[in-house]
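Below is one structure, written out as C-alpha cells; the observations come after it.
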Amino acid sequence: MPDAVLPKDFLWGFATASYQVEGASHEDGRADSIWDTFCRIPGKVADGGSGDVACDSYHRTQEDIALLKQYRAKAYRFSISWSRIIPLGGRSDPVNEKGLQHYVQFVDDLRAAGLEPVITLFHWDLPDELHKRYGGMLSKGEFVKDFENYARVMFKAMGSKVKFWITFNEPWCSSILGYSTGQFAPGRTSDRTKSSEGDGGREPWIVGHSFLLAHAAAVKAYRGDFKDKDGGKIGITLNGELLGDWTEPWDPNDPTDVEACDRKIEFAICWFGDPIYFGKYPDSMRKQLGDRLPEFTEEEAAQVKGSNDFYGMNHYCANYIKHKEGEADPEDYTGNVEILFDNKVGESIGSETQSVWLRPHPVGFRKLLKWLSDRYGGPTIYVTENGTSLKGENDLNFEQLLQDDFRCEYFRGYIGALVDAYNKDGIDIRGYMAWSLLDNFEWAEGYETRFGVTYVDYTGGQKRHPKKSAKVIGDIFESYIKKE
Ligand code: PNW
C-alpha cells in the first residue's frame, strides 16, 4: 500500500462531454451544433457515426449518477450543449427553458447524491446557426458577445450550485483540427480534397484568438456579477495535442531537438496559456507566424491576463520531438518540428493504443505538471481529463471487454505520477477527472474507439457495464487520499 498523501478534499471523478454522451439530439428544442451537421457529411466520421443517440445520457441521468456513486467518485465533469440552451446560439435569440431546466435538474440530482458538478461551457459543439450566420469563431466581435451571453445564462441559472466552471475545453483541438487539418467540425482546411473552404495558414490563429477573448469576457462577467455571491471558480482547460503533450528530445545530445521540445509545447499549450498568465503570445509563435498571429489590443491583453482562477489540464501522452531544418511551412502548427513515437536509438515512447496519437508515458505527466507549474508561477491545477483507449478493444468479446487491465495499468501509472508531482515536486494539484465515465462518441473516430471505464453496449439499448478499471480507480484514490 502506498502512503496516503493526497489531501482529504482532493476532488476526483470522471468526465464526459455533451455531444459525446447525451444523444436526444433533437429533443426538447435542441437545434443542430456544428458536430450534428459535420457528422452528416459522408466520410467525416468512422462508420458514419454521429451523436444522435450516443450513450443516451440525456434520458439516463439517474443511471449515470448511480454509476458515479458506485465508483466512489466525488465529482462529475460534464459539458453543456449550447444548442439546448439557446438553440440558435445568439444573444438576441430565445432561451430554451426546457433545455436549461434539464441541466438545472441534473445539477440538483448530482448534488443530492453528494457529487460535485464541474461544468464545461463549450466542448466543441458550437450552435450550427452561429457558424452559418457569421462563421462562428472567425468573427471575433460576434462570437465573444454571444458566448458571454450564453455563459451568463448558465451562471444565472446555476447560481451557487456550481463551484467549478470551465469556459472552453481544449481550444487547440477546435482551432487546429477544425480549421487546419479539417478532421473535426466544421472541417475547414486548405486541403481542397477535403473542403472547398478554409485557410489553414490563417484561420486557426484567428479562431484561437476569439476563444481567448471569449474566455476572458465570460470570466469578467462571472467575477463581476456572480463570483462573490455564488462562490465558484472559473478557468479554461488546455491540452497539448497533437499528438502527445509532453515532449522528449529525439536526440537528447542535440540542443536544437531539446529546444524544439519547448517550442512544441509553446505552440500547443502556451498559445493559450501565455496570454492568460502573461498577456502575450509566446515569442516562438510570433517569430514563426508573424502577422498571421493576431495582436491583442492593450485593453484585450489586460482582460485576458489573469483570467484563470485555476488551470484545467487535459493530459494523455507524450512524444519524441525532432527539430526541422529551414523555414516552417505556412501551414505548420507544431513549431516546425517532427512529432515521433521512437527516439534516435529506436526506443519507443509507449505502447500502442486504439488512438493513433496516444502512447502512454506516465512519467511525462509528472514532468509536464512541473513544467507548467514553473512557467505559470505555481497555479492551482485541476486535471480535467486523463485516460486511454485500448488497441482492439472494440473487437473483444463481452468478458474480455470488462477486463481492461491495460487501462488499469494506465491509471496506476498516471495517478502515481500525479501523486509524485504533488508530493515530491510540490505542485498545487487539487483534482483529477478520468476520461471517461462511459464509452462514448469519440468524434471522428466514431464508436470504434472506447475510452470508458464503463462498457456501453450500443447494440443492446445503450446498457452500461462497469469495466475493471472503474473499481481500480476508486481503489487507487482510496489508497492515496488521507482519511483525516
Ligand atoms: C480529448 N488528438 O480530445 C477531448 O477533450 C475528449 O472529448 C476526447 O474524447 C478525448 O480527449 C479522447 O480523445 C482529443 O488527435 C482528441 O490529438 C483528439 C486528439 C487529442 C485530444
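Note that ligands are numbered from 1 as they come in the structure, with each ligand's atoms numbered from 1 the same way. Residue numbers count from 1 along this sequence.
- In terms of modelled atom types and a separation under 3.5 Å, the side chain of Tyr222 and the main chain of Gly232 share a donor-acceptor contact.
- Neither the backbone nor the side chain of Gln183 comes within 4.0 Å of ligand 1, counting heavy atoms alone.
- By the 3.5 Å distance cut-off applied to N or O atoms, Trp172 is not counted among the residues near ligand 1.
- For ligand 1, the atoms closer than 4.0 angstrom to any heavy atom of Phe451 are 12 (C), 13 (O).
- For Asp257 and His323, the side-chain atoms include at least one donor-acceptor pair closer than 3.5 Å.
- For ligand 1, the atoms lying closer than 4.0 Å to a non-hydrogen atom of Asn169 are 5 (O).
- No hydrogens or angles considered: nothing links the side chains of Glu448 and Asn394 as a donor-acceptor pair under 3.5 Å.
- Some N or O of Trp435 is nearer than 3.5 Å to an N or O of ligand 1, by distance alone.
- Checked against a 3.5 angstrom limit, the closest N/O atoms of Trp124 and ligand 1 fall outside it.
- Checked options Pro275, Pro171, Ser307; the residue passing with His215 is Ser307 (criterion: side-chain contact (heavy atoms from CB on, under 4.5 Å)).
- Between Glu170, Glu442, His123, it is Glu442 that holds the heavy atom closest to atom 8 (C) of ligand 1.
- In this structure Tyr382 satisfies the ring pair (Phe, Tyr, Trp, His ring centres under 6.0 Å) test together with Phe164, Phe310, sequence neighbours excluded.
- With hydrogens and angles left out, the side-chain atoms of Ser25 and Arg30 include no donor and acceptor closer than 3.5 Å.
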